[in-house]
Each structure stands twice: as C-alpha cells, then as structure tokens.
Amino acid sequence: GFTVVPLSSGTEALTALTEHDVDVVVTDLNMKGITGLELCQRIVADRPDIPVIVLTAFGSFETAVGAIRAGAYDFITKPVKIDALAIAIRRAAEKRQLRGEVKRLREVVASTRGRGDLIGASPSMQQVYQLIEQVSATDATVLITGESGTGKEVVAREIHKRSRRKDGPFVAINCAAVPEALLESELFGHAKGAFTDAKASRQGLFQQAHGGTLFLDEIGEMALALQPKLLRALQERKVRPVGSENEVTIDVRLVTATNRDLDEMVEAKAFREDLYYRINVIHIPLPPLRARGGDVLMLAQHMLRQYAAVFEKKVVGLSPAAAERLMAYEWPGNVRELGNCLERA
C-alpha cells in the first residue's frame, strides 16, 4: 500500500531526498559508504520533518540507543515482520503529516488576526465569516444559534465591531442569569418608587445601548409574559420603564443568541411565534467544535499563545502527541472547554 523508492546506498538516498518529497525513510544499519546511523544523522540535520526507521540484524541495546540518539523515529530488528514494519511506517507518516498540519495552522493563525477573536479555516466557519461580513453593514436583527461554548457572544461582538455602530456601546445580558421578576427592569429600566427598593430611577439596557448593539444571550429562556413587551419595543423603537407613564425612544441594533431549538419551542407554544420571526431576520448557525476539523488545532495554538503570555510561560507550540490527543477528543463543551483545558495544562 506504499509507494516505494528503492535505493542501494546512503549516498544515493541523500541525493534522492533532494529530488523526491518522501514521508518516511527506512534504512538498513550496515551499508557500504555511510552507515544507517550516519544517514539518519544527516537526514535529521537537513530534513528534520522526515522520520527515519532503522533496520538491523544487530539488535543489541547499544545499537538501539545509538539509533535513537541519532534521531531515528523507530528501530526494528531483523528478521523483519512486514506487518510490524507497515504499522511503524504508517505511524511515522501520520506523525509527519500532523507536524506539517501544526506548522501550517500556526501560519494560518498568524494570518487570521484580522478577524479579531474568531479563529478557524473550516468550510463551516468560512460561511460564518461571510454572514458576518454581509450582516455587519446593515442594522438587521440577528439570531445566533449553536451549542453552549461555541462562541456566540464572540460572533455578536465581531458583528458590532464591524458595523457602523462600532463607536457606540455593546451591551450584553444573559437572560437565563437574571430572575424573571428583575429582567423587565434590567431591559427597560424603572422609575423611582416603581417597586420596593426602587429608590431612584434607573436606565434599562435598551437605553444604555442607545446608538450601539444590545446582545440578548439565551433568548429562549425569556419568560412568555415578557416576550410581548420585547416585541413591542422592537416594533415601536420605544421602551416604557417599569412604573413610568412616559416612553423613551431607542436606537439599538438587536443581536440575540440561544442554544435551544426555537422552532420546536414555537411549535410547543413555549416561545411566541411573532417574536421569533422578529428576531430571526438573519440567522447565523455556529457549528460545534467537533465538526470543525483542523480548527481545533488553530484555536489551541491561538489560545496557547495567549495563555503563555498571561502566565509568562515559555511554551511555543503543540507537540504532535498533544495535537493528536486534541484532535481525537469530541469537545462536548466546544471552544470554552478547549480554552479551559489549555489554561489548566
């Protein structure tokens, strides 16, 4: 299953390496001219990306140590079992491929700094970037959906930073984190004496976000009783603080997010259909991290650089073994879990 370039000496091998792009070198130990160990040393010095497997009938401990010290990836004694050799070659080729991927992703990470905190080159993320570019130039209401930890607030902030409102405030609230009784006051404000402890008037988040962007995270957790008031505020562009008879005009771009299926909630009468259509003008679905392929390593490299600077650690990158473990995991907590993992490491 491998394409093989057969050669009869170490000298020929060194020449061939300048003419062919090979994934793995398999060399005998005792040869005329330069030995297998010398060949291994030359390859490691000139082409450290190419793993070398050394074969020999002299399976002594000293010989094995010499091969490893010379930089050999693996050491196999004769008579060689072909199945074992094939496994070693395949692992060596995969290691080289992974090293190349890590190097490529480091370069891609460096080139994607213009996207702010958004990192990724997968097709699904390219679609997200395209939607962000299209929607940022408008004032359209945006609904961002995706599993917890996929970076919905990061996308919302990126939309704000690229919009004509970028010099205005970006105000965010998690609807699930505020008790139902207080959420109305948080959003619309309240007049003095509107309720117990309301000793002074207070501006709501809609007023605080005037001229900018209001981000309502976990919109699916908003109580049904409050939803008509939100709908009216969006339609009329006015809010009425709790306990006040006066309305206040607002100029706000609304971005919402949820990890729930709002279509199902509308069907189950758990979310108002008219509000759903009002907030779902532009829909940006965020893919889970497990569906983003090599983006895992791009994000990991980016986060590693950040945490190394924060903690003043001389960590410059991911080892192939670490990269392999990161790629093999499903990341149910998505980007947030990856960040926690790297910070802990």
If we ignore hydrogens and angles and just use 3.5 Å, is the side chain of [X] paired with the main-chain N or O of [Y] as donor and acceptor?
X: K152; Y: E147; value: yes
X: D295; Y: S122; value: yes
X: D261; Y: D263; value: yes
X: Q208; Y: Q203; value: yes
X: W331; Y: P288; value: no
X: Q301; Y: V316; value: yes
X: R260; Y: E218; value: no
X: N259; Y: G146; value: no
X: T18; Y: T15; value: yes
X: R96; Y: V22; value: yes

What distance do [X] atom [atom1] and [Y] atom [atom2] have between them, rounded to the nearest 0.5 Å?
X: I144; Y: I279; atom1: CD1; atom2: CD1; value: 11.0 Å
X: E158; Y: L118; atom1: CD; atom2: CG; value: 5.0 Å
X: L234; Y: F206; atom1: CG; atom2: CZ; value: 5.0 Å
X: E337; Y: Y329; atom1: CD; atom2: OH; value: 4.0 Å
X: L275; Y: Q227; atom1: CG; atom2: CD; value: 5.5 Å
X: L214; Y: H160; atom1: CG; atom2: NE2; value: 11.5 Å

TODO: Assign the ring pair Y276 / F271 to parallel, tilted or perpendicular, where the plane angle (0 to 90°) is split at 30° and 60°.
DONE: perpendicular
- [ ] Mind telling me whether Y307 and F311 have parallel, tilted or perpendicular rings, with 30° and 60° as the class edges?
- [x] parallel
Open item on the list: Which residues end up grouped with V5 if you chain together Ile, Leu, Val, Met, Phe, Trp and Tyr wherever their side-chain heavy atoms are less than 4.5 Å apart?
Closed with: L7
Closest heavy-atom contact between [X] and [Y]?
X: A300; Y: L342; answer: CA-CD1, 3.4 Å
X: A308; Y: V315; answer: CB-O, 3.7 Å
X: T258; Y: G220; answer: OG1-N, 3.9 Å
X: A72; Y: C40; answer: N-SG, 3.4 Å
X: P320; Y: L98; answer: O-CD2, 3.1 Å

Assess whether atom [atom1] of [X] is packed by more than 12 heavy atoms of other residues, nucleotides or ligands within 6.0 Å.
X: R240; atom1: CZ; answer: yes
X: E12; atom1: CD; answer: yes
X: E186; atom1: CD; answer: yes
X: E267; atom1: CD; answer: no
X: R42; atom1: CZ; answer: no

Is the shortest side-chain heavy-atom distance between [X] and [Y] below 4.5 Å?
X: M31; Y: S9; result: no
X: L216; Y: L205; result: no
X: L187; Y: L226; result: yes
X: I219; Y: L230; result: yes
X: R253; Y: T138; result: yes
X: R165; Y: D251; result: yes
X: L55; Y: V80; result: yes
X: I119; Y: V335; result: no

Are [Y] and [X] connected into the same hydrophobic cluster when the rule is that any two of I, L, V, M, F, W, Y join if their side-chain heavy atoms are below 4.5 Å apart?
X: L224; Y: F188; answer: no
X: M222; Y: V171; answer: yes
X: V255; Y: F170; answer: yes

Open item on the list: Given V24, which partner from the list I53, D74, I50, V52 fulfils the side-chain contact (heavy atoms from CB on, under 4.5 Å) test?
Closed with: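 Of the listed options, the one satisfying the test is I53.
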Task: Lys/Arg N to Asp/Glu carboxylate O, R272 vs D274, below 4.0 Å - done: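 The answer is yes: the pair qualifies as a salt bridge.
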Task: Presence of salt bridge, R157 and E153, under 4.0 angstrom - done: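 Answer for the salt bridge query: yes.
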